[in-house]
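Data first, discussion second: the structure below is written as structure tokens.
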Amino acid sequence: MYRYICLNLLVLLCVKTAQCQKKNILFFVADDMRPELGVFLGPDFPAPIHPTVHSPNLDALAAQSLLLKHAYVQQAVCSPTRTSLLTGRRPDTTHVYDLIHYFRNVGGNYTTIPEFFKNNGYRSIGMGKIFHPGKASGFDDPISWTEPYYHAPDEKFRSVNVSWRAVSKDEYKIHPLPDMQIADNAIKVLNRVAPAAKSGHQNFFVAVGFHKPHLPFLFPEEFLSLYPRKSIRLPYNPYIPVNMPEIAWSNYIKEELGVYRDISSLHATGAINTTLPDDVVIDLRRAYYSALSYTDSLVGKVMAELVMLGLADSTIVSFWGDHGWQLGEHGEWCKHTNFEDATHAPMMVRVPGLTDKGLVTERLTEYVDLFPTLVEAAGFDPLPLCPEDSTTTALCREGTSLMPLMQDPTRKWKAAVFSQYPRNNDTVMGYTLRTDKYRYTEWPAFTMSPVYKPDWNKLYGVELYDHSVDPQENYNRFGDPLLVELVSELSSQLRKGWRYAQPPGTMRGQ
Ligand SMILES: *[C@@H]1O[C@H](CO)[C@@H](O)[C@H](O)[C@H]1NC(C)=O
Ligand SMILES: *[C@@H]1O[C@H](CO)[C@@H](O)[C@H](O)[C@H]1NC(C)=O
Ligand SMILES: *[C@@H]1O[C@H](CO)[C@@H](O)[C@H](O)[C@H]1NC(C)=O
Ligand SMILES: *[C@@H]1O[C@H](CO)[C@@H](O)[C@H](O)[C@H]1NC(C)=O
């Protein structure tokens, strides 16, 4: 009630009362960062790597955040996952399954997270990679921001055509890497918006999108010394799961890795159940960890400035990597699959006053949950759940606010979480479900015209992995005569979809 009055009528008065004061948001994104941080290690972690990744800054942020240990993306590739998170809706609602289509053209004119805060009077400022750049976002979705979008000049490094390179100090002193420029820009912007935010005159939503650890793995050379070559392990399972349907496989050479000269010169085919030579695997893993630690250092730099400016107590901080990444597990590379390694990704949310001592939840959560969470954490009324057809609904959610998990991180939560991945030029759609115990996937035929729809009667493959005994997903148990009933239950749960897997107490359809 007070909040309502304050919001609408007495904005100036509100400034003086803690209850009405809205919080700022600092919104970090990393590209292709799998949840390979010290704080993520645990019994169900798919493939603990050695040595432990050096991520002191993200670990410190996690220690003041709600750390979501089982957060899943809705589709493991850049534009679909970002579009989904930023609109709070799933790929079957955004209709973005690739790196070309723009949701406002093919899905609907949906309000995005930055646009929501802009519409509520915030200064909304974006930089680096937030949306997928270019046509896929109508060039960074200008309607989302109150200021011109910032991209770091990258001429010096754009033509790098090797999969990884450690950049010497002499070189980056003269030509700072793009993410270094983005961190510097973030610091400048925070300094610029701080006075108005502190006086209560205008809140900010500042989005800082780093390009690493995405390929090519470019990073300052000093990060390589954190990972002596001898210490890098090969993946435990460089082969496909037993009984895996071919449709589950992504050709990592054709999809992504093959564009780099050092990789194409290997003449690897990317064919099913192949991987790269051991020495290349080790080099790529080592470079990936180095790029991850470099990104971690930049998050730390921007966070230090937030604290220095006295904004830490009035600013919510969220961090997420846009999806997981396969580093040779199953022989796979990059993302583009429905496996745990591609769909499981790092996310944390720091809300001053609620998560200060650090909270960890093992509950299953989804990337679409972030939008409703930030809205409520900042002090706004909850978003309504989207109707079945939300094409013409500008503002709604297909996720669930994580605020109740900040009260009790062990409370009963979603029964299952959902991801998907298209194949064969979008004529097949792999739908996957993760419960506490299982991953279950069906690959039905799919049509976009006249309506977006799977044909559950025409399946190209089915997978069932039992995480309680097989966290690496090495044995597809589909077809086991003892598991017929389980398959039928999981199949029904998958086909009913996310609306039927809501946390207890949050009614379906409301
Ligand atoms: C989308 O909605 C915004 C208002 O939120 C409006 O300004 C814009 O014109 C709309 N775009 C289209 C293509 O309808
Ligand atoms: C990229 O590869 C081409 C040959 O394919 C080479 O001529 C060029 O110098 C390479 N660029 C860099 C930055 O290494
Ligand atoms: C995949 O490769 C592994 C190891 O090379 C081999 O043991 C396994 O039989 C292969 N699987 C298939 C289906 O070919
Ligand atoms: C993929 O589908 C689109 C739309 O149906 C079509 O225009 C395109 O030619 C197809 N591409 C391939 C490689 O089949």
Side-chain angles (χ1 to χ4, degrees), residues 80 83 86-89 93-122 124 131 135-146 205 234-252 254-255 268-278 281 326 328-333 336-337 339 371 375 383-384 386 390-396 421-429 445-455 460-463 465 470 472-479:
T83 300
L86 288 159
T87 61
R89 307 185 206 212
T93 307
T94 64
H95 297 164
V96 173
Y97 307 107
D98 60 23
L99 309 184
I100 298 161
H101 291 94
Y102 176 30
F103 69 93
R104 295 197 196 267
N105 297 334
V106 293
N109 194 15
Y110 306 143
T111 303
T112 68
I113 298 177
E115 187 184 0
F116 172 87
F117 288 101
K118 173 188 159 187
N119 292 347
N120 281 285
Y122 280 51
S124 141
F131 291 93
K135 263 175 61 179
S137 60
F139 297 87
D140 304 302
D141 200 42
I143 196 175
S144 281
W145 314 102
T146 58
F205 176 95
L234 289 166
Y236 294 101
N237 55 344
Y239 42 76
I240 56 169
V242 172
N243 194 25
M244 185 196 84
E246 282 192 21
I247 195 84
W249 183 258
S250 160
N251 185 315
Y252 50 87
K254 283 194 189 148
E255 286 291 338
T269 62
I272 193 161
N273 211 19
T274 65
T275 193
L276 299 170
D278 285 356
V281 172
Q326 297 152 142
E329 295 89 356
H330 293 145
E332 274 285 16
W333 291 88
H336 316 114
T337 75
F339 289 123
F371 194 164
V375 165
L383 298 182
C386 291
S390 68
T391 315
T392 57
T393 310
L395 182 62
C396 65
Y421 209 93
R423 287 275 186 262
N424 300 356
N425 197 22
D426 301 339
T427 59
V428 176
M429 185 64 77
F446 187 76
T447 52
M448 292 197 186
S449 170
V451 282
Y452 289 71
K453 197 158 71 77
D455 178 356
Y460 289 81
V462 183
E463 296 162 83
Y465 302 103
D470 178 27
Q472 293 175 9
E473 303 184 334
N474 291 333
Y475 302 92
N476 176 13
R477 305 290 305 278
F478 176 72

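No hydrogens, no waters, no symmetry mates; every other heavy atom, side chains included, goes into these values. Just so you know, ligand 1 is whichever comes first in the structure, and atom 1 is the first atom listed for that ligand.
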Quiz question: by atom type and distance under 3.5 Å, do the side chains of [X] and [Y] form a donor-acceptor pair?
{"X": "Thr427", "Y": "Tyr460", "answer": "no"}
{"X": "Thr112", "Y": "Ser144", "answer": "yes"}
{"X": "Thr337", "Y": "Gln326", "answer": "yes"}

Nearest non-hydrogen protein atom, [atom]:
{"atom": "atom 12 (C) of ligand 4", "answer": "Asn425 ND2, 3.2 Å"}
{"atom": "atom 7 (O) of ligand 1", "answer": "Ile143 CD1, 4.0 Å"}
{"atom": "atom 11 (N) of ligand 1", "answer": "Asn109 ND2, 2.8 Å"}
{"atom": "atom 4 (C) of ligand 3", "answer": "Tyr239 CB, 4.0 Å"}

Checking contacts now, so for [atom], which I'm interested in, is there any protein heavy atom under 4.0 Å?
{"atom": "atom 14 (O) of ligand 4", "value": "yes"}
{"atom": "atom 9 (O) of ligand 1", "value": "no"}
{"atom": "atom 2 (O) of ligand 4", "value": "yes"}

Note to self: Pair His330, Tyr239 - check ring pair (Phe, Tyr, Trp, His ring centres under 6.0 Å), show working.
What the structure shows: CA-CA 4 Å; His330 293 145; Tyr239 42 76; 7.8 Å; no
Checklist line | Taking every non-hydrogen atom, the tightest pair across Asn476 and Pro245 | finding: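 Where Asn476 meets Pro245 most closely, the heavy atoms are ND2-CD, 3.8 Å.
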Margin query: As a quick check of understanding, evaluate side chain to side chain donor-acceptor pair (under 3.5 Å) for Thr269 and Tyr252, giving each step before the final call.
Written below: CA-CA 9 Å; Thr269 62; Tyr252 50 87; 5.9 Å; no
Next item on the list: Decide, yes or no, whether a salt bridge links Asp141 with Arg104 under the criterion of side-chain N to carboxylate O below 4.0 Å.
Entry: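 A salt bridge links Asp141 with Arg104.
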Next item on the list: Report the C-alpha distance between Met429 and Tyr452 in whole Å, list the side-chain angles of each, state the deciding distance to 0.1 Å, and finish with yes or no for side chain to side chain contact (heavy atoms under 4.5 Å, CB included).
Entry: CA-CA 11 Å; Met429 185 64 77; Tyr452 289 71; over 6 Å; no
Next item on the list: Report the part of Ile240 in contact with ligand 3, treating N, CA, C, O as backbone and CB onward as side chain, heavy atoms under 4.0 Å; options are side chain, backbone, both, neither.
Entry: side chain
Margin query: If I apply the N/O under 3.5 Å rule, does Asn273 come out as touching ligand 3?
Written below: yes
Checklist line | Proximity of Glu115 to ligand 1 by residue part, where a heavy atom lies under 4.0 Å | finding: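 Contact part for Glu115 vs ligand 1: side chain (C-beta onward).
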Next item on the list: Could you see which bit of Thr111 sits under 4.0 Å from ligand 1, with heavy atoms only: side chain, backbone, both or neither?
Entry: neither
